[in-house]
Amino acid sequence: MPNNEQKISLLSRYQRLIKIAGDLTSKLDLDILLLEIVKAAADITGAEAASILLYDAVKEELYFQAATNLDTAMRGMIVPLHNSIAGWIVRNREPIIIDNPQEDDRHFQPVGKATQLPSRSLLGVPLITKEKMIGVLEAINKKTGVFTLEDQEVLIALGSQAAVAIENSRLFQQSDLIGEFVHELRTPLSSLSAATHLLRHPRASQEQKDKMFVVLETEINRLAEMSTSFLDLARMESGRSQFKFEKLDLRSLLRECSDLVEKEAKDKRLDISLEISEYLPDVYGDHDKMKQAIINLLSNAIKYNKEEGQIILRGEGVPDKKEILIMVSDTGVGISEEHIEHIFEKFYRVPTYSDKVSGTGLGLAVVEQIIDGHGGYITVESEFGIGTTFAIHLPSSE
Ligand SMILES: Nc1ncnc2c1ncn2[C@@H]1O[C@H](COP(=O)(O)OP(=O)(O)OP(=O)(O)O)[C@@H](O)[C@H]1O
Ligand SMILES: [Mg+2]
C-alpha cells in the first residue's frame with residue numbers, strides 16, 4: 001500500500017505533468033520542444049538524465065535527437081532496432097524498467113561510451129500517437145533508489161503528450177514550409193510562362209528566341225536547385241534528417257571543398273587560397289553535410305565577388321574557447337546593414353544582385369540548419385563594397 005507521502009508525490013507529479021503538457025503544445029520548434037520533453041522526463045521521474053530517440057520507419061532505425069546531457073558525439077547516433085534496449089521498446093511497443101542495463105544483452109554499448117554516463121538503471125517508454133511509432137523516451141539513472149511502476153506510469157503519461165506535440169510540430173513545420181515554397185514557385189513559373197509565350201510569338205526574332213531559351217534554362221535549373229535545397233531544409237527542420245556523425249579530418253575536408261570549387265573560381269578569374277592553422281583538432285560531424293555547408297559559403301563567395309577578387313578558406317582551432325572556426329572570406333560586393341540581418345532567412349536575397357546572379361535564397365538557410373545540427377553557430381561580418389567573412393563555429397571536444 002502506498003503511504004500518504006507517496007500518494008501526495010504522485011499527485012504533485014501529475015499536477016506538474018498537466019502543466020508541462022500545456023506548455024508542450026505551444027512549442028512548435030522541434031528542437032526546443034524535444035529539449036523541454038527530456039528535461040521534464042528527467043524531472044518527473046527523478047532521473048539523472050533523459051533522452052529521446054526518434055524512429056525512422058523507412059530505414060527501420062532509431063537515432064538520438066535530444067538529451068539532457070547530449071553532446072555532439074551522440075546527436076544523430078544511430079541505434080539498431082535489434083540489439084538495443086530502445087529497439088526492444090519499439091518492437092514490443094511496451095515500456096521497460098531495467099536495473100542494470102549494462103549487463104543486459106540488449107544494451108547497445110556505443111551509447112554508453114559516447115555519453116560517458118555509466119547507466120545504472122533505465123526506464124524507457126515508447127512514443128506512440130495514433131498507432132504511429134515516433135520513438136522512445138528514456139530516463140537514465142534514478143537519483144535515489146530504483147525506478148518504480150509509478151515512475152513508469154508518469155513517464156507513459158508524459159510520453160503520450162510528447163508524441164502528440166512532436167507530431168504537431170512536424171505537421172506545422174511542413175505546412176509552413178509548403179506555403180512558403182508554393183509562394184516562391186510563382187516567380188520562376190511566371191518567367192517560364194512568359195518565355196514560352198514569347199517563343200510562340202510569330203514575330204519573335206531569332207535573337208529574342210535565343211534569349212528566351214536562356215531564360216528557360218536558368219529558371220528550370222533554379223527550380224531544380226530550389227527543390228533539392230528545399231527538401232534538405234524540410235528534412236532537417238522536421239528532425240527527419242539524420243546526421244551521420246563521425247570523426248572528421250578537417251584538413252582533408254577543407255582541401256576537398258576548395259578543390260571542388262577551384263575550377264569555377266578560376267573561370268571567374270578569382271584567386272582561392274586555403275589556410276590551415278597548425279592547431280586544428282578533429283571534430284565530430286557529418287561529412288557530407290559539413291561539406292555541403294562549406295561549399296554553399298564558397299559558392300556565395302564566388303557568386304558575389306568582384307573581378308579578380310580573392311577568396312580565403314581558413315580552418316583554425318581556438319583552444320581558449322574550445323572552438324573550431326571555419327571561415328570563408330571574400331573581397332566581393334559586401335552586404336549592407338539593412339540586409340545582413342535577413343540573409344539567413346529562407347528565400348531572402350539582396351535585391352540589388354538577385355537579378356544579376358542566379359540563386360534560390362536557400363543556401364544560407366541550409367548552412368544554418370547544418371551547423372545547428374552540429375551544435376555550432378555561424379557569424380557574418382561584412383563591409384559594403386569591400387567584402388564578407390562567414391565564420392562557422394563548432395564545439396571542439398579537445
Ligand atoms: N559572400 C557574400 N557576399 C555578398 N552577399 C552575399 C554573400 N553571401 C550571401 N549573400 C547575400 O545573401 C543572399 C542569400 O544567400 P543564400 O546563399 O542563402 O542564397 P543565394 O546565394 O541567393 O541562392 P542559393 O545559395 O540557394 O543558390 C544572397 O542572395 C546574397 O544577396
Ligand atoms: Mg548561396
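Start at 1 and go down the list; that is how both ligands and their atoms are numbered.
Between His374 and Tyr284, the ring centre distance reaches or exceeds 6.0 Å. Ring to ring, Phe230 and Phe181 are close: their centroids are under 6.0 angstrom apart.
Between Glu48 and Thr68, the shortest heavy-atom distance links the atoms O-OG1, 4.4 Å. Across all their heavy atoms, Ala66 and Leu34 have their closest contact at CB-CB, 3.6 Å.
Of all protein heavy atoms, the one lying nearest to atom 7 (C) of ligand 1 is Tyr304 CD1, 3.6 Å. The closest protein non-hydrogen atom to atom 16 (P) of ligand 1 is Leu364 N, 3.6 Å. Among all protein heavy atoms, the one lying closest to atom 12 (O) of ligand 1 is Ile343 CG2, 3.3 Å. Closest protein heavy atom to atom 17 (O) of ligand 1: Asn300 ND2, 2.9 Å. The nearest heavy-atom contact from the protein to atom 26 (O) of ligand 1 is Thr360 OG1, 2.3 Å.
Nearest residue to atom 22 (O) of ligand 1 from Arg349, Glu368, Met226 is Arg349 (criterion: closest heavy atom). Of the candidates His342, Lys303, Glu345, Lys303 brings a heavy atom nearest to atom 27 (O) of ligand 1.
Residue-level proximity to ligand 1 for Tyr348 is carried by the backbone, the only part with a heavy atom below 4.0 angstrom. Residue contacts with ligand 1, taken as heavy atom pairs separated by less than 4.0 Å, involve Asp330 solely via side-chain atoms from C-beta onward. The proximity of Ile335 to ligand 1, defined as any non-hydrogen pair under 4.0 Å, is limited to the side chain.
To the nearest 0.5 Å, atom CG of residue Leu155 and atom CG of residue Leu123 are 5.0 Å apart. The CZ atom of Arg13 lies 7.5 Å from the OG1 atom of Thr45; values are rounded to the nearest 0.5 Å.
Residue Gly363 has at least one N or O atom closer than 3.5 Å to an N or O atom of ligand 1. Considering backbone and side-chain atoms alike, Gly361 places an N or O below 3.5 Å from some N or O of ligand 1. Considering both main-chain and side-chain atoms, Leu362 comes within under 3.5 Å of ligand 1 through a nitrogen or oxygen pair. By the 3.5 Å distance cut-off applied to N or O atoms, Val350 is counted among the residues near ligand 1. For a threshold of 3.5 Å applied to N or O pairs, the pair formed by Glu225 and ligand 1 contains no separation below that value.
Residues His287 and Glu256 bring a donor and an acceptor atom of their side chains to less than 3.5 Å of each other. Residues Thr148 and Asp151 bring a donor and an acceptor atom of their side chains to less than 3.5 Å of each other. A donor atom on one side chain and an acceptor atom on the other are not found under 3.5 Å apart for Tyr348 and Glu341. A donor atom on one side chain and an acceptor atom on the other are found under 3.5 Å apart for Asp56 and Gln242. Side-chain contact of Glu225 with Asn221: a donor-acceptor pair under 3.5 Å is absent, judged by distance alone.
Residue-ligand proximity, Phe390 to ligand 1, at heavy-atom distances under 4.0 Å covers atoms 1 (N), 8 (N).
Between Phe344 and ligand 1 there is no heavy-atom distance shorter than 4.0 Å. A heavy-atom separation below 4.0 Å is found between Thr388 and ligand 1.
The Mg ion (ligand 2) has an N, O or S atom of Asn300 under 2.8 Å away, backbone or side chain.
Residues Tyr55 and Leu81 form a side-chain contact, since some pair of their non-hydrogen atoms from C-beta on lies under 4.5 Å apart.
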